[in-house]
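Contents: one structure, followed by commentary.
Just so we're on the same page: letters track the sequence lines, and every chain starts at 1.
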Number of protein chains: 2
Amino acid sequence: MSNKLEDIVDQLREKGNKITSIRRAVLEILIKETKPLAAGDIIALLKRYQLEPHKTTVYRELDFLIDKQLIREVVFDDGQIRYEKFEPGHFHHLICLSCKKVDKIELSDDLDKEEKTIERKMRFKVKRHSLEFYGVCSKCNKR
Amino acid sequence: MSNKLEDIVDQLREKGNKITSIRRAVLEILIKETKPLAAGDIIALLKRYQLEPHKTTVYRELDFLIDKQLIREVVFDDGQIRYEKFEPGHFHHLICLSCKKVDKIELSDDLDKEEKTIERKMRFKVKRHSLEFYGVCSKCNKR
DNA sequence: ACTAATAATGACATTTTTTCTCCTTTTTGT
DNA sequence: ACAAAAAGGAGAAAAAATGTCATTATTAGT
């Protein structure tokens with residue numbers, strides 16, 4: 001699947017979904033943004049598109065995009081639900097406690113060993129995991 | 001530091017904190033409970049102690065206990081903030097997506113290697129991390 | 001045991017995030 | 001252009017969390 005906005009839009013339309021200005025803008029925002037955004041962030045960013053949709057609409061749209069597997073939810077330890085574009089591969093986040101910047105990383109061995117150990121020892125079938133690192137980014141470290 | 005309620009209570013009192021029925025009960029609930037509890041859960045459980053404190057009080061009490069390092073916050077991917085007793089050592093959670101049971105585990109190598117790699121490659125000083133596994137527990141797997 | 005100091009609580013309002021319902025508007029295939 | 005269906009808007013409200021200020025309870029000191 002392509003990452004480009006118009007390709008995604010076309011695919012949605014082909015499957016019978018309607019493309020509205022809000023849908024297109026929310027998609028564009030989440031495709032361009034590197035860090036996960038809260039619903040409130042998205043509402044704020046939509047003003048740059050001259051759009052001021054009702055919050056109900058935005059939540060509904062985010063649910064829709066999750067359902068279509070175009071985005072996914074992420075939760076950091078402040079408890080706020082954020083949204084980021086769905087990408088194949090498995091990423092974790094580096095969250096700077098100082099400037100709040102969020103970077104993504106993909107771990108090499110990716111906890112496969114740990115998951116297998118858990119499944120064997122605890123008889124717990126791991127479906128997914130979340131792993132986030134909190135610390136201080138290089139810029140903030142210099143100060 | 002002891003884990004027993006009365007010892008903790010004595011230590012709090014020695015440091016000039018007052019021991020109220022609510023404080024004692026919240027502590028007792030969180031010491032006895034194995035899984036993290038949301039503020040609402042705690043309010044519900046306090047009724048068993050014939051206590052119906054105002055929610056403000058409960059949130060404030062939880063903040064107090066965090067400040068004293070007796071409990072800590074945990075966030076799972078539903079975004080709700082939960083509280084669990086603070087324990088030395090570093091634990092992760094196994095959260096059953098079916099029955100919602102929560103188990104704790106302590107990983108052997110505990111991501112030390114990954115953290116060092118991140119610090120070297122990304123120049124990001126890792127202060128802490130959160131790692132939770134979502135899946136199906138042994139009981140639910142049998143069904 | 002009494003009292004003063006102060007920590008803790010309660011009441012109430014408010015903020016923030018999220019969800020629900022019902023009705024209207026927009027998009028799209030024909 | 002029109003009809004069907006999807007999407008959006010408005011308002012209320014739930015749920016979680018926070019802030020303020022007056023009142024109550026705990027504790028140390030007498």
Side-chain angles (χ1 to χ4, degrees), chain A residues 6 8-30 36-47 49-68 70-83 100, chain B residues 6 8-29 36-47 49-68 70-83:
Chain A
E6 286 312 316
I8 292 174
V9 160
D10 287 347
Q11 283 159 20
L12 279 176
R13 203 170 355 228
E14 271 163 36
K15 286 173 195 152
N17 305 289
K18 296 177 178 174
I19 304 305
T20 62
S21 52
I22 292 171
R23 174 156 299 163
R24 179 178 257 112
V26 171
L27 265 173
E28 185 169 341
I29 286 168
L30 285 169
L37 297 173
D41 300 329
I42 292 165
I43 290 171
L45 288 170
L46 283 168
K47 288 188 182 162
Y49 294 75
Q50 270 76 43
L51 295 172
E52 303 205 28
H54 198 270
K55 54 189 163 18
T56 309
T57 304
V58 175
Y59 281 106
R60 208 167 14 201
E61 184 58 28
L62 291 168
D63 285 346
F64 171 87
L65 296 175
I66 288 170
D67 188 58
K68 300 302 174 215
L70 293 169
I71 65 173
R72 69 178 146 208
E73 291 185 350
V74 194
V75 178
F76 297 152
D77 66 0
D78 61 358
Q80 269 229 64
I81 297 172
R82 293 182 172 79
Y83 304 84
K100 309 300 174 196
Chain B
E6 288 310 318
I8 292 174
V9 160
D10 287 345
Q11 282 158 23
L12 278 176
R13 203 169 358 225
E14 272 162 37
K15 286 173 193 150
N17 306 288
K18 296 176 178 173
I19 305 305
T20 64
S21 52
I22 293 170
R23 174 157 299 160
R24 178 178 259 112
V26 171
L27 265 172
E28 185 169 339
I29 285 168
L37 297 172
D41 300 330
I42 292 166
I43 290 171
L45 288 170
L46 283 168
K47 288 188 182 161
Y49 293 76
Q50 270 76 44
L51 295 172
E52 303 205 27
H54 199 269
K55 56 183 164 16
T56 310
T57 304
V58 175
Y59 281 107
R60 209 166 14 200
E61 184 58 28
L62 292 168
D63 285 344
F64 171 88
L65 296 175
I66 288 170
D67 188 57
K68 300 302 174 214
L70 293 169
I71 65 174
R72 68 178 147 206
E73 290 185 349
V74 194
V75 178
F76 298 152
D77 67 0
D78 61 358
Q80 267 227 62
I81 297 173
R82 292 181 173 79
Y83 305 85

Problem - Flag, side chain of A:Arg24 to backbone of A:Val9, donor-acceptor distance under 3.5 Å - result: no
Practice task
Starting at atom CD of B:Gln80, determine the distance to atom C1' of C:dT18, rounded to an integer number of angstrom.
Solution key: 12 Å
Problem - Between P of D:dG8 and CZ of A:Arg24, the distance in whole Å - result: 13 Å
Exercise for the section: With heavy atoms under 4.0 Å as the rule, sort A:Arg23 into base, sugar-phosphate or nothing. Expected result: sugar-phosphate
Exercise for the section: Output the single nucleotide from D:dG9, C:dT28, C:dA7 whose closest atom is nearest the side chain of A:Lys18. Expected result: C:dT28
Exercise for the section: Round to a whole Å and report the spacing from NZ of A:Lys68 to C1' of D:dA6. Expected result: 11 Å
Exercise for the section: Determine whether more than 12 heavy atoms belonging to other residues, nucleotides or ligands lie under 6.0 Å from atom CD of A:Glu6. Expected result: yes
Problem - Rounded distance (Å) that lies between atom C1' of D:dT26 and atom CZ of B:Phe64 - result: 13 Å
Problem - Rounded distance in Å - CD (A:Glu14) to C1' (C:dT27) - result: 16 Å
Exercise for the section: Mark yes or no for whether B:Asp41, through its side chain, and B:Ala38, through its backbone, hold a donor-acceptor pair below 3.5 Å. Expected result: yes
Problem - Spacing between B:Glu61 atom CD and D:dT26 atom P, to the nearest angstrom - result: 13 Å
Exercise for the section: Rounded to the nearest angstrom, tell me the gap between atom NE2 in B:His54 and atom P in D:dA17. Expected result: 15 Å
Practice task
Choose from C:dC12, D:dG9, D:dT27 the nucleotide whose nearest atom is closest to any side-chain atom of B:Arg13.
Solution key: D:dT27
Exercise for the section: Give A:Ala39 one of three labels, base, sugar-phosphate or nothing, depending on what nucleic acid heavy atoms sit under 4.0 Å from its own. Expected result: sugar-phosphate
Handout entry: Interatomic spacing from CG in B:Leu62 to CG in B:Asp67 - rounded to 0.5 Å
Key = 12.5 Å
Handout entry: Donor-acceptor contact below 3.5 Å, side chain A:Arg82 vs main chain A:Phe76
Key = no
Exercise for the section: Compare the minimum distances between each of D:dA5, C:dT18, C:dG10 and the side chain of B:Thr57, then state the nucleotide with the smallest one. Expected result: C:dG10
Exercise for the section: Measure distances between side-chain N and O atoms of A:Thr20 and base N and O atoms of D:dG8, and say whether any donor-acceptor pair falls under 3.5 Å. Expected result: no
Exercise for the section: Among D:dG11, C:dG10, D:dA17, find the nucleotide with the atom closest to the side chain of B:Ile81. Expected result: D:dA17
Problem - Heavy-atom donor-acceptor pair, A:Thr56 side-chain to D:dG11 base, under 3.5 Å - result: yes
Completion exercise
Note: for B:Ser21 and B:Tyr83 on DNA chain D, the residue whose nearest nucleotide lies more 5' is B:Tyr83
Handout entry: Distance in angstrom units between A:Tyr59 OH and C:dT18 P, rounded
Key = 4 Å
Problem - Residue whose closest nucleotide on DNA chain D lies nearer the 5' end, B:Lys55 versus B:Asn17 - result: B:Lys55
Exercise for the section: Would you state whether a donor and an acceptor, one from the side chain of B:Arg60 and one from the base of D:dG19, lie under 3.5 Å apart? Expected result: no
